[in-house]
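Residue numbers run from 1 in the order of the sequence given. Small disclaimer: the values here were computed from a predicted structure and weren't measured.
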Amino acid sequence: GIFDRLWLVKDGVAQGEIVVDMSDACLLENYYSTNDCSYVIRGGRGMEREWQRSTAADLKRWLKEITGADFDCVEQPTAKDNVKIFLGAGFARGLFDDDLRALAEGEGGCDGFAVRVKGRNIYIFGPHPIGTRNGVYRFLENNTDIIWAMQFSRVDADGVVFTPVKDLKVVWGDARSRPAFGSRGWMRVDTEWARANGSNFCLPIADSPMPNAGGHFLSPAYYDLSEGIQRFSGVKNGRRVIPWSESQVQMCLSNRDLLKYSLERVPCLPHIRYAYPFFCNFGADDNMYPCECENCRKPIKLKDGTMLDPKRDLDRFYSAWYYTYINQIDAAIRKQWPEFQTSTFAYLFGRRKPPIDVSPNIAPVLCSYYRKAYNQPIFAPANQQWWATYKEWAAHTKYLQQYDYYGLCFNDQPMAEVLKFDYLAQLKIGFRSGATEGAGSLEYIGVADERWCISRLQWDPTLDVEQLHRYFN
C-alpha cells in the first residue's frame, strides 16, 4: 500500500524531515481572488509566514513529545533519502490542484486541509496556512492515539493524553476536510487546546484566521472618561445617567454630536485605513436600557409611511433606533475604507432584524441571550422566536456570526446532542457559525467531553455524537 515505506520514527530516531514553505507560494493571494475574497482573507494577508513557521514548530514539538525523535525543519528538501513532510499549499500546487480549489472556493470555512502521500513524500496543506496547521493536528491524531482532551494542562497532566512510542509508521494520510462553519469555538478557551482541536473563535491573530476586533465599545465613554463626555450618556428613569456606567444605560444615539465625536476616536476615521483591521464589532453597551430621552423615543417613519412607536412596539422600535445609528457608522467608514466589514452585537434590544433597511455590509454577531430551552433544538416550539431571528439575519448576510451562551458557567449538561441538530439546521439557512461565550467552569463532570465533541460538530455536524463521546472516553 501507499504507506508501506512511511516510517517516521524507528527506535526513537527521526526517519524524515519537515519541509515548510516560506516562499511567496504560501501567500493567500495565490489561492483567493483579490476581487472576491472575504474580510477574513483580506485581514490575514501578511501573517502567512508566521503561521507557516508556527505550524512547523508545532509538528516538530509533538513528534518529539510522542516519540522522542528530533526532526529537522528546513525550507527546501535536502538530498537525504528519507521521508519528507511538506507543509503548505506551495508544495501542493501542480500536484493536488483539485484539493486546493475545493478548499478555497464555495461554502465552508477557509481553514480546511488535505493530507496526501506521493512516494515517500507526505503533503499537508490548505490554501490558508491555518488550514495547514489543522491538517498537522489531524495527521498527528490519526497516526497516534494522542488526544488534546482538557485545557489549561501540559503533557505531564491530564489534558494531553498519548502513548509514548519509539517507532511510528504512517497509517493515515489520504484525506481532505473542510469545516462546515467559518467561526468555531469557545471564548477564553486555552489557546493550545483551541489550536489542537480546530477551534478559531476569539483567539489572537497568531492562532486564528478569524478577526477578533471590537466588543462592547460603541460608547466613546469606554475610552474617554472626561467630564464632557457625560453629555452623551442616556436618560433612564427621567434623568441622564452621570457618571456613565456600562451596566446602566445606552448612549443617547439621537445626539447629533455623538456620531462625529465617536468616529474621530473609535473607529478613528481619519486613520482607519492605516490603523484598523478589515473588520470591527461596534457592540452596544452591555445592558438592556436604551436611552429614554424625548428624541430617542421619537416615533420612526417606515418606508411604507407607518410610524413605529415605542409605546406600541418596543422591540421593533429600539431595534430600528439602534441600527439607524449603526448604518451611519458603516456609511462613514465605507467612504474612507471600502473594504471594511462593519459588525455589531445583535443583542438584547438589537437582537431582531429591524423593519428598516440595514446596510448589506453590516454583518452582526448574533447573541442568543437568552434562549428559552437549551435542551431542545433551536427550531423546537420553545425556541421559535430565536429560530425566526436566525433566519432573518441569515438571509441578510452570509457573514453572520454566532455568539451563544451554553459555554458560560457550563458543567454537567449534555449539550452536543442538541447542538448537532442546531448546526444541521443552521447549515440549511446559510448560518455558518458556531461559537459561545465561556469555555466551561471546569474540566471534569462532563465539561471537557462535551467541549471536545461540540468542537468536532462545529467542524462537521454530520458526525455521530455517540461515537464522538466514545472516542473521547
Side-chain angles (χ1 to χ4, degrees), residues 39 43 187-188 201-205 210-237 239-293 295-296 318-319 321-334 336-337 340-351 359 361-367 369 401 403 405 408 435 437-438:
Y39 68 94
M187 187 178 184
R188 299 190 184 96
F201 174 69
C202 207
L203 297 173
I205 193 170
M210 301 303 295
N212 181 28
H216 289 294
F217 62 70
L218 185 68
S219 165
Y222 275 104
Y223 33 89
D224 183 351
L225 293 175
S226 60
E227 183 176 349
I229 197 74
Q230 305 297 329
R231 70 186 185 276
F232 300 130
S233 290
V235 171
K236 181 180 179 183
N237 297 327
R239 66 177 185 85
R240 198 164 300 280
V241 177
I242 297 176
W244 172 86
S245 169
E246 175 192 1
S247 63
Q248 290 298 309
V249 70
Q250 300 295 319
M251 300 302 284
C252 183
L253 301 188
S254 65
N255 188 317
R256 295 184 178 183
D257 292 334
L258 174 64
L259 181 67
K260 180 177 182 296
Y261 186 93
S262 296
L263 288 172
E264 290 175 352
R265 287 155 180 81
V266 170
C268 189
L269 195 59
H271 300 95
I272 191 171
R273 181 183 294 270
Y274 313 105
Y276 248 76
F278 289 80
F279 166 95
C280 190
N281 178 350
F282 302 101
D285 300 350
D286 200 2
N287 67 75
M288 61 181 71
Y289 304 107
C291 177
E292 298 172 352
C293 77
N295 282 337
C296 283
Y318 272 118
S319 180
W321 168 81
Y322 181 67
Y323 285 98
T324 296
Y325 186 79
I326 300 299
N327 276 337
Q328 293 172 333
I329 289 179
D330 177 67
I333 294 174
R334 295 276 282 181
Q336 296 281 352
W337 193 214
F340 194 87
Q341 181 79 57
T342 302
S343 184
T344 189
F345 288 129
Y347 179 52
L348 298 174
F349 55 85
R351 71 190 183 282
S359 165
N361 185 59
I362 294 173
V365 177
L366 180 54
C367 305
Y369 187 87
Q401 292 190 48
Y403 191 99
Y405 295 88
L408 196 62
E437 180 171 325

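Not counting sequence neighbours, Y323 has no partner by the side-chain hydrogen bond (donor to acceptor under 3.5 Å, both in side chains) test. Listed by chain and number, the residues in a side-chain contact (heavy atoms from CB on, under 4.5 Å) with Y289 are K236, V249, N287 (sequence neighbours excluded). Among residues two or more places apart in sequence or in another chain, the side-chain contact (heavy atoms from CB on, under 4.5 Å) test is passed with Y322 by L218, L253, A284, I326, T344, F349. Judged as a salt bridge (charged side-chain N to carboxylate O under 4.0 Å, His left out), and not counting sequence neighbours, E246 has no contacts. In this view, L259 and L263, Y325, Q328, I329 satisfy the side-chain contact (heavy atoms from CB on, under 4.5 Å) rule, not counting sequence neighbours. Not counting sequence neighbours, R240 has no partner by the salt bridge (charged side-chain N to carboxylate O under 4.0 Å, His left out) test. Partners of S254 according to the side-chain hydrogen bond (donor to acceptor under 3.5 Å, both in side chains) rule, which considers only residues two or more places apart in sequence or in another chain, do not exist here. The side-chain hydrogen bond (donor to acceptor under 3.5 Å, both in side chains) test applied to S245 returns S247, not counting sequence neighbours. For N361, the side-chain hydrogen bond (donor to acceptor under 3.5 Å, both in side chains) criterion is met by D330, R334, not counting sequence neighbours.
For residues 250-260, the salt bridge (Lys or Arg N to Asp or Glu O under 4.0 Å) pairs, not counting sequence neighbours, are K260-E264. For residues 242-267, every residue pair satisfying the ring pair (Phe, Tyr, Trp, His ring centres under 6.0 Å) rule, not counting sequence neighbours, is listed here: Y222-W244, F232-Y261.
Other residues, nucleotides and ligands contribute over 12 non-hydrogen atoms within 6.0 Å of the CZ atom of R231.
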